[in-house]
2 protein chains.
Amino acid sequence: MEEITGLELSPRKAAYLKFILEKGRTVKTTELSSGCNVDPSTISKALNDLASAGYLNHVPYKGVSLSVKGKAYAEFLVRRHRILGLLLSHYGLSPDEACLEVSRFEAYVSKGAIDKICKAMGHPMVGVCGKIKHNECVYKS
Amino acid sequence: MEEITGLELSPRKAAYLKFILEKGRTVKTTELSSGCNVDPSTISKALNDLASAGYLNHVPYKGVSLSVKGKAYAEFLVRRHRILGLLLSHYGLSPDEACLEVSRFEAYVSKGAIDKICKAMGHPMVGVCGKIKHNECVYKS
DNA sequence: AGTTTATTTGGCTTTATACCAAATAAGCTT
DNA sequence: AAGCTTATTTGGTATAAAGCCAAATAAACT
């Protein structure tokens, strides 16, 4: 398995990947477009990039689905979002505020930092916006 | 005084402003250039932008100094950096790791969030990389 | 006054994001 | 099956942030 730093995807690309993971199935360009309020052509290009980078299986005109790598990555993205949201909620931010705040900077927080925070928090199972899965989190030590 | 969200400056511009604050005096283009490992022409343009936006007093060919607005802003930037660094250090990151990690995402964390975190932490006076000043921090409530 | 150094300007590049318009493929519908 | 409609992709263009190089310009120092 490839090492991930958590910094390989830009904010928008990460958002698209999370969107696809949440759907849990093949997703069409139009869904991403309306779901993210972005022009379909913009989505189409981003999906192309993500497929080229190995995160997605893209069948032109049909839709995209997460590759094994993409699914693992998207799961990390969701875990990162939730751990950071939970963290901020411990410092007086409401769930909504925490979620919004995190969405601005999460793309720039490394997996190394998330793993440490996660461990220090005792690998919490529930965040402020959903359950946290630790499949790809380093439990040991 | 103008409201600040903490999101008005890009990461690099913020870094330049902090550099100037740390010097505590008029700074020359060359200093920023060597201090930040960036081409002088790049610095020159950035200083121009920062001066146009009112953060700096720029005397062409002479150097830049912080305006009142710029000083207040730079102080917020330093406080943000230190509060976030301290925060991460509470979750198992070493001072160096925390500093490096924070430098990647700090530009995207709002003043509103920092003020809340600051308050929840009890307005700490010392961070992992220097003293924290709360001049512009909202103490009340 | 002339040379050297610092600074600025102009031009170009890259990355990320996004839009519009046009082309193309799929999918319905008759 | 042909055609219409909708979805998708492609091509072109734009913006913002950041940066480099080379050339022009200003300042500083002999």
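Reckoned from all heavy atoms, side chains included, excluding hydrogens, waters and symmetry mates. Chain letters run A, B, ... following the sequence lines, proteins first, then strands; residues in each count from 1.
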- Side chain of A:Tyr61 - closest among C:dT24, D:dC20, D:dA28: C:dT24

- Message: So, OP1 or OP2 of D:dA16: does either fall under 4.0 Å of a side-chain N or O from B:Ser10?
- Response: no

- Item | Atom pair OG1/NZ of B:Thr29 and B:Lys45 - distance to nearest 0.5 Å | 12.5 Å

- Using a heavy-atom distance cut-off of less than 4.0 Å, which residues of residues 44-56 of chain A contact DNA chain C? A:Lys45

- Item | B:Thr29 vs C:dT8: side-chain N/O to OP1/OP2 distance below 4.0 Å | yes

- Message: Please pick, from D:dC20, C:dA18, C:dG27, the nucleotide with the shortest atom-to-atom distance to any side-chain atom of B:Asp39.
- Response: D:dC20

What pairs of donor and acceptor atoms, side-chain ones from residues 94-110 of chain B against any protein atom, are under 3.5 angstrom apart with sequence neighbours left out?
residue  : atom : partner  : partner atom : Å
B:Ser94  : OG   : B:Glu97  : N            : 3.1
B:Ser94  : OG   : B:Glu97  : OE1          : 3.4
B:Glu97  : OE1  : A:Lys116 : NZ           : 3.4
B:Glu97  : OE1  : B:Ser94  : N            : 2.8
B:Glu97  : OE2  : A:Lys116 : NZ           : 2.7
B:Glu101 : OE1  : A:Ser110 : OG           : 2.8
B:Glu101 : OE1  : B:Arg104 : NH2          : 2.8
B:Glu101 : OE2  : A:Ser110 : N            : 2.6
B:Glu101 : OE2  : A:Ser110 : OG           : 3.1
B:Glu101 : OE2  : B:Arg104 : NH2          : 3.2
B:Ser103 : OG   : B:Leu100 : O            : 2.6
B:Glu106 : OE1  : B:Lys18  : NZ           : 3.3
B:Glu106 : OE1  : B:His81  : ND1          : 2.9
B:Glu106 : OE2  : B:Lys18  : NZ           : 3.1
B:Glu106 : OE2  : B:His81  : ND1          : 3.3
B:Ser110 : OG   : A:Glu101 : OE1          : 2.8
B:Ser110 : OG   : A:Glu101 : OE2          : 3.1
B:Ser110 : OG   : B:Ala113 : N            : 3.2

- C:dA21 phosphate, OP1 or OP2, under 4.0 Å from A:Ser41 side-chain N/O: no

- Note on the structure: Among C:dC19, D:dC20, D:dT9, the one nearest any side-chain atom of A:Pro60 is D:dT9

- Scan residues 11-27 of chain A against DNA chain C and write down, sorted by residue number, each residue with any heavy atom closer than 4.0 Å; if none is found, say none. A:Pro11, A:Arg12, A:Lys13, A:Tyr16

- Indicate yes or no: does B:Glu75 engage B:Arg79 in a salt bridge with an N to O separation below 4.0 Å. no

- Gap between atoms CG and P, on A:Leu9 and C:dA16 respectively (whole Å): 10 Å

- Quick one: is D:dA27 close enough that its OP1 or OP2 comes under 4.0 Å of any side-chain N or O from B:Lys28? no

- Task: Consider the side chain of A:Thr42, meaning its heavy atoms from C-beta on, and name the nucleotide among D:dA7, C:dA18, D:dC21 that approaches it most closely.
- Result: C:dA18

- Message: Under a 3.5 Å cutoff, is there a donor and acceptor pairing between the side chains of B:Ser34 and B:Glu31?
- Response: no

- Message: Given C:dT8, D:dT9, D:dA7, identify the nucleotide with an atom nearest to the side chain of B:Pro40.
- Response: C:dT8

- Quick one: pull up CG in B:Leu17 and NZ in B:Lys69 and give me the separation to the nearest 0.5 Å. 10.0 Å

